[in-house]
Structure formats: C-alpha cells, structure tokens
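Here the structure comes first, spelled out in structure tokens, and everything after it is commentary.
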Amino acid sequence: MPWLIGFLCFSLGPVLVSLYLSFTKFDLLRPAVWVGADNYVRMLTVDQRFYQSLKVTFSYMLMEVPLKLAFALAVAMVLDKAIRGGAFYRALFYIPSLLGGSVAIAVLWRQLFEGNGTFNQVLLWAFNYKGPSWISNPDTAIYTLVLLAIWQFGSPMIIFLAGLRQVPQDLYEAASMDGAGAFRKFHKITLPMLAPVIFFNMVLQIIEGFKAFTPAYVVSGGTGGPIDSTLFYTLYLYQEAFSYFRMGYASALAWVLLIIIGLFTGISFLTSKYWVYYEDEPR
C-alpha cells in the first residue's frame, strides 16, 4: 500500500496531469484554459526552435552513443585481462559516471574549453596553436558536450566487463587452435556473444541521450547558445516551462519527447532480432 500510494501520487498522478495540461494554456498564475490540440499544432507548424532542438539532440546522440559505447567496450576489454590493480582501475574509470552529470563538472568543463581555458593552454604549449573559445563557437560547442558524455563511460564499461566475463574461454582457445587472430576473434566471438549486452547498453544510452540537460544548461548559461547550437530538447522544454512559464506548451513538449523515446526504443527492439542473439535461440 505505501508503494501504491507513492506511485499514484508521485508518478501516475503527475503524468496524467501533464497530459491534461498539454491541451491547455497554463502559466501557473491563472487557471488552465483548454485549447485542444493548439499546442501540438503550434509545435509542428510554427515553432522553429522545436525543430532546432530536435536537430541538436539527434546530432548529439548520433555522435555520443556510438563513440561512448565503443570507448567503453575498448576499456572493458583491457580491464578484462588479468592486469595488476584491476579493481582500482575499474573504480577509477567508473567515477566520471558518478560525477559527470553534476553542475560542478559542467562548470569545470566550461572552464576547460573557454578561450583562455586549460585545453587551449595545452594546445599553445604543445603545438604553438591558439585555439578558439570552443564553447562560444557554434561550430564546436556541441562537440565539447559530446566529449563530456564520452568521458562518462564508466557505467556501460562495467556492464560490458560483466558481459565479457561470461564469454566461454574455450571458444577463444578453439579459435586460436584454428589460427584465428585477435581481430577475427573479436569479430566472430566477442561481438556476437556480447550482442545482448551491446543492445542493453545502446537502449540505455539512447534514453539518457534524449534526457541530457545539465551540461548544456551550464555550458550555455541556460540559453542553448551560441545561436541555439546547444539547445537540447530538454533545455528547450525547461525554457518554455520555467523561463516563459508556458507550462501547457512545455507539457506538450514533454509528451512529444516521451513518444520519440518510445519510438526509438520500439524500433531498437524490433530490429534487435536481426543482430542480437541469445544462447538459447537457434541461429
């Protein structure tokens, strides 16, 4: 009963209220006024920032998800070997996943990549090259956020490492006896055996990519700049709700985001049958 009360009051209740508000004009100061589908019509036909936020979010995800998973898998394969201090390195590499979503790390990242930041100082010292203000340049700002996301590779790394520990070693031994090299073992054994783990990590990272907010908010000062180049969907939703107090429109944005995440998750599950194999399934 306590769990059920909490679910109804703090989960299902707000979700249903948000669905109702998405069909209203509501600014917190006056009662909500029913406007039907006006919020959704405006979103799809008039609001250019809506499409810009989608463009930025999709661009971010297309870079962040594959690079983060590839880097996490590479590190996991190194840590899977019997190296000295393996437990220490696992803990060390996992720390960014705990800290990366914090405001403090986002502030630090902004200082690293500003005009006189540490990154440019290293470039000047090593290559005698004076770099731009990476976070103030609309052509490069998004890449600093992608780099921050890749740096938080600890969580998928731990999951990959657990999956690698489950791959039967006799498969590698048999492949070695047949003369298979390291690349062939990786392509023919490691990747197929890790397919369920890769799929699991991919779905989680896609959802996390759509929900990314704090780094873009802090690095851009809450504006999504420069020139909306870091206007993540969640940041735009936040602006509509808490900067302009268009709570009804923000609720509509939230429901569209839910639908988009649901579509991507559904597509991932539908296409998984073509590349994800489980041990108890025929091939």
Side-chain angles (χ1 to χ4, degrees), residues 11 54-81 86 89-91 93-98 100-101 142 145-175 180-213 215 232-234 255-283:
S11 295
L54 284 178
K55 177 184 175 182
V56 171
T57 303
F58 283 128
S59 300
Y60 169 80
M61 287 181 50
L62 287 175
M63 293 183 286
E64 179 259 344
V65 173
L67 290 175
K68 185 176 184 179
L69 293 183
F71 190 68
L73 178 57
V75 175
M77 292 183 66
V78 173
L79 294 181
D80 188 45
K81 309 299 181 182
Y89 288 114
R90 287 196 298 271
F93 291 145
Y94 187 72
I95 289 177
S97 290
L98 299 177
I142 188 67
L145 300 180
V146 171
L147 188 60
L148 175 57
I150 296 173
W151 179 66
Q152 304 170 45
F153 66 92
S155 180
M157 178 204 70
I158 292 296
I159 298 174
F160 277 135
L161 187 58
L164 287 170
R165 298 287 171 85
Q166 301 302 316
V167 178
Q169 293 301 309
D170 56 353
L171 295 179
Y172 293 109
E173 295 173 0
F183 177 79
R184 192 168 183 82
K185 291 178 185 177
F186 175 76
H187 182 257
K188 295 296 185 180
I189 299 176
T190 305
L191 284 182
M193 295 298 292
L194 280 183
V197 179
I198 295 174
F199 172 68
F200 177 77
N201 267 333
M202 183 188 71
V203 172
L204 288 184
Q205 294 307 314
I206 288 175
I207 295 174
E208 289 299 318
F210 277 116
K211 292 165 53 182
F213 170 77
F232 285 6
Y233 192 98
T234 51
W255 274 91
V256 170
L257 177 61
L258 175 64
I259 293 172
I260 292 174
I261 293 176
L263 286 175
F264 269 79
T265 304
I267 292 172
S268 299
F269 274 91
L270 289 175
T271 57
S272 66
K273 62 182 179 181
Y274 298 107
W275 63 278
V276 178
Y277 300 98
Y278 300 92
E279 292 186 19
D280 56 348
E281 291 183 349
R283 301 196 177 189

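The first residue in the sequence is number 1, and the count goes up from there.
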Hey, does [Y] have a side-chain heavy atom less than 4.5 Å from the side chain of [X]?
X      : Y      : value
Thr265 : Ile206 : no
Val78  : Tyr89  : no
Thr190 : Val167 : no
Tyr94  : Ser155 : yes

For the student: nearest non-hydrogen atoms of [X] and [Y], plus distance:
X      : Y      : result
Thr234 : Phe210 : CG2-O, 3.3 Å
Ala180 : Lys185 : O-CE, 3.5 Å
Met157 : Leu79  : SD-CD1, 3.8 Å
Leu161 : Ala76  : CD1-O, 3.4 Å
Ile189 : Leu171 : CD1-O, 3.5 Å
Gln166 : Ala162 : CG-O, 3.3 Å

Practice problem: Please test Leu73 against Asn201 for side-chain contact (heavy atoms from CB on, under 4.5 Å), starting from the C-alpha separation and ending with a verdict. | Solution: CA-CA 10 Å; Leu73 178 57; Asn201 267 333; over 6 Å; no
Self-check item: Phe269/Phe264 aromatic ring centres below 6.0 Å
Solution: no
Spatial distance of atom [atom1] ([X]) from atom [atom2] ([Y]) [nearest 0.5 Å]:
X      : Y      : atom1 : atom2 : answer
Glu64  : Met61  : CD    : CE    : 7.5 Å
Leu204 : Phe199 : CG    : CZ    : 10.0 Å
Met63  : Phe58  : CE    : CZ    : 13.5 Å
Ser59  : Leu54  : OG    : CG    : 10.5 Å

Quiz item: Where the side chain of Thr57 meets the backbone of Tyr233, is there a donor-acceptor pair that is under 3.5 Å apart?
Solution: yes
Self-check item: Side chain Lys68, main chain Gln152, donor-acceptor under 3.5 Å
Solution: yes
Quiz item: So Tyr60 and Phe232, would you call those rings parallel, tilted or perpendicular, with 30° and 60° as cut-offs?
Solution: tilted
Exercise. Give me the ring orientation class for Phe153 and Phe93: parallel if the planes are under 30° apart, tilted from 30 to 60°, perpendicular past 60°.
Key: tilted
